[in-house]
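So the structure is just underneath, and the comments pick up after that.
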Amino acid sequence: MLALRDIRKSFGAVVAVDGLSFEVGAGEVFGLLGPNGAGKSTAIAIATGLLTPDSGSVDLLGLGSPSSPAVRMHLGLAPQEITLYDDLTARENLTFFARLYGVRDIAARVDELLTLVELSERAKDRVSTFSGGMKRRLNLAAALVHDPQLLLLDEPTAGVDPQSRNRILELVRGLAASGKSIVYTTHYMEEAAKICDRVGIVDRGRMLEVGSVAELLARHGKDTDLETVFLTLTGRSLRE
Amino acid sequence: MNAFQRTNVVFRREFRSYFQTPLAAVFLVIFLFLAGLFAFNIGGFYNRNQSDLRPFFQFHPWLYVFLVPAVSMRLWAEERRTGTIELIMTLPFGVTDLVVGKFLAAWAFTTVALALTFPMWITVSWLGSPDHGAIFVAYLASALLAGAFLALGSFLSSLTKNQVIAFVLCAVACFVLLLSGFPAVLDFLRGWAPRGVVEGLASSSALTHYESMMRGVIDLRDALYFTLVIIAFLVLNVFAIDWKKSD
Ligand SMILES: Nc1ncnc2c1ncn2[C@@H]1O[C@H](COP(=O)(O)OP(=O)(O)O)[C@@H](O)[C@H]1O
Ligand SMILES: [Mg+2]
């Protein structure tokens, strides 16, 4: 569904992504785990075509690179920063994007999404009045308007309360169950352990280890958890 | 969904958004107040025994230097600041439709402001018998000038996420585009610069073409000038967004 092969990307002297490869299959939740500055968002930006890699290739659904608009039709992005129009209501935000995507029966689709993220009651309120958790849920709904095959969710639970977090995790699992491929970046290990079919641990732009959570745990000894594995691999020194 | 429909979606969202902030009201009040002030007091609207709107239109370029950047500054800088540009860039089509839609919305907004000055026209008609054709052409010239400045401003707005920077860049650029046709500047240059350079500068100035249209005739060269300026800056706008993407 999504394949990144040997991607490299530098910003001046900073090597953000350094030979990263991974694949995500249909109906799979792939967790991209790494400390701040590991290169997760850069990898996502490359997967969406927002950034062009210095070298390496990206393939979406076997259709080729996301630099082609037709390929992007199958891609939904929820960036790390909330990307909604504060001056519009929840409904207006989704309607705007649905119109641009050329979604049919927009009102029904928007209703369905608002229900899915449990924001129906606040549909007519401006986003500027929303809490962090509500904005996150709406941000996720915005990535879904055109019912894409592949979803890229960059830290979709950053800054939300446990209720919203739970709802988002449930949603992600549900979406995967309906056959969507999902890339999920986070640095919360318990989240990753809960919802990811496979995870890749990245640091300094490199993939340190890939596999299912069970495989990773097995490789690092019985009495361990994902957090310990993560800290062992990425080191305990503080990050940016 | 074709390009026209997408442009229309963006146009409507953008045009509406002008009226959801106090900006629109503030802009309209300032525009109408200054246009009137300049025309009546400084331009001596009543003291000239001539019923036309020359003094009124003469100040438009200088008004636009400050007012157009206020409209154009947010067009793209705001999308960059809020990060919505990332969603826009991942839409399954190029940004041209969005650039055009936003530009047209901004242009429609300034045209509404301009249209609200129609009592001036009524006033001169009542005071005398003006050349209505000339006034119409002057309105057209003013709208074209605003369009050219807006295209320039939209392009500059796409280079930054800071609206204040977008405003200042646009005001300076518009000012330069006017000054290069200002008689005093050209006279100064004529003293030492090669003639071709001075004439080239004058004919690339928005002021030269604006004043040419003020004479009341539509010269194809003037219309072409404004059209080309608008297209050129919108093309640059598209390139700038593609080039800078999510930064
Ligand atoms: N646009 C950019 N310009 C310069 N450096 C950048 C840019 N984007 C990311 N970086 C740098 O690249 C590295 C990886 O960043 P990022 O991909 O955002 O990491 P993560 O999402 O894992 O926290 C960091 O060192 C960051 O400072
Ligand atoms: Mg990140």
Side-chain angles (χ1 to χ4, degrees), chain A residues 11-12 41-42 44-52 60 63 66-89 92-104 106 126-128 135 138-139 141-146 148 150-152 154, chain B residues 1-25 73-102 105 109 158 161 163 238-247:
Chain A
F11 299 102
S41 296
T42 305
I44 296 276
I46 288 168
T48 57
L50 275 167
L51 289 174
T52 318
L60 262 72
L63 297 173
S67 56
S68 142
V71 174
R72 291 205 295 271
M73 190 67 212
H74 305 284
L75 180 138
L77 169 69
Q80 183 173 348
E81 307 300 328
I82 301 284
T83 48
L84 299 164
Y85 295 104
D86 265 356
D87 60 321
L88 297 184
T89 67
E92 286 166 344
N93 265 284
L94 297 183
T95 304
F96 177 67
F97 285 108
R99 282 195 183 128
L100 287 178
Y101 274 108
V103 170
R104 288 200 202 103
I106 290 172
R126 285 191 187 197
V127 169
S128 54
K135 285 184 185 173
L138 191 62
N139 214 36
L144 292 171
V145 280
H146 53 303
L150 176 70
L151 270 172
L152 299 162
D154 197 356
Chain B
M1 198 71 174
N2 58 39
F4 176 76
Q5 288 168 312
R6 288 194 291 260
T7 303
N8 187 33
V9 168
V10 176
F11 174 86
R12 287 198 321 204
R13 182 259 179 284
E14 203 69 35
F15 189 70
R16 264 188 66 197
S17 78
Y18 283 113
F19 297 93
Q20 284 172 341
T21 61
L23 180 82
M73 63 182 185
R74 60 180 283 285
L75 284 175
W76 288 99
E78 182 71 0
E79 305 273 1
R80 280 202 193 283
R81 189 185 63 76
T82 59
T84 42
I85 191 137
E86 294 199 15
L87 289 190
I88 282 175
M89 295 296 307
T90 50
L91 286 166
F93 48 85
V95 289
T96 309
D97 312 338
L98 302 165
V99 167
V100 173
K102 274 175 178 274
F109 176 68
S158 72
K161 59 175 85 172
Q163 293 193 27
V238 170
F239 280 131
I241 295 167
D242 276 336
W243 172 58
K244 288 199 57 167
K245 296 215 166 164
S246 60
D247 302 3

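Here the structure is a predicted model, which means the values were calculated and not measured.
- Ranked by heavy-atom pairs under 4.5 Å with chain B, the first of P79(A), A142(A), P66(A), A143(A) is P79(A).
- A cation-pi contact, defined as under 6.0 Å to the ring centre and within 45° of the axis, is absent between R12(B) and F96(A).
- Contacts of L88(A) with chain B are made by side-chain atoms alone, with heavy-atom separations under 4.5 Å and no backbone atom involved.
- For E81(A), the CD atom sits in a loose shell: 12 or fewer heavy atoms of surrounding residues, nucleotides or ligands are nearer than 6.0 Å.
- Donor-acceptor pairing under 3.5 Å is lacking for the side chains of D87(A) and S128(A).
- For E92(A), the part lying under 4.5 angstrom from a heavy atom of chain B is the side chain only.
- Using a 4.5 Å cut-off between heavy atoms, R126(A) touches chain B through its side chain atoms alone.
- Both the backbone and the side chain of L100(A) come within less than 4.5 Å of a heavy atom in chain B.
- A salt bridge links E14(B) with R74(B); the closest basic N to acidic carboxylate O contact falls under 4.0 Å.
- Highest contact tally toward chain A, considering only I88(B), T82(B), L87(B), is held by L87(B) [criterion: heavy-atom pairs under 4.5 Å].
- For R6(B), the parts sitting under 4.5 Å from any heavy atom of chain A are the backbone and the side chain alike.
- Counting only distance, with no hydrogens or angles, the side chain of E79(B) and the backbone of W76(B) share no donor-acceptor pair below 3.5 Å.
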Next item on the list: With side chain to side chain contact (heavy atoms under 4.5 Å, CB included) as the test, would you mind laying out the steps for T89(A) and V127(A) before giving the verdict?
Entry: CA-CA 5 Å; T89(A) 67; V127(A) 169; over 6 Å; no

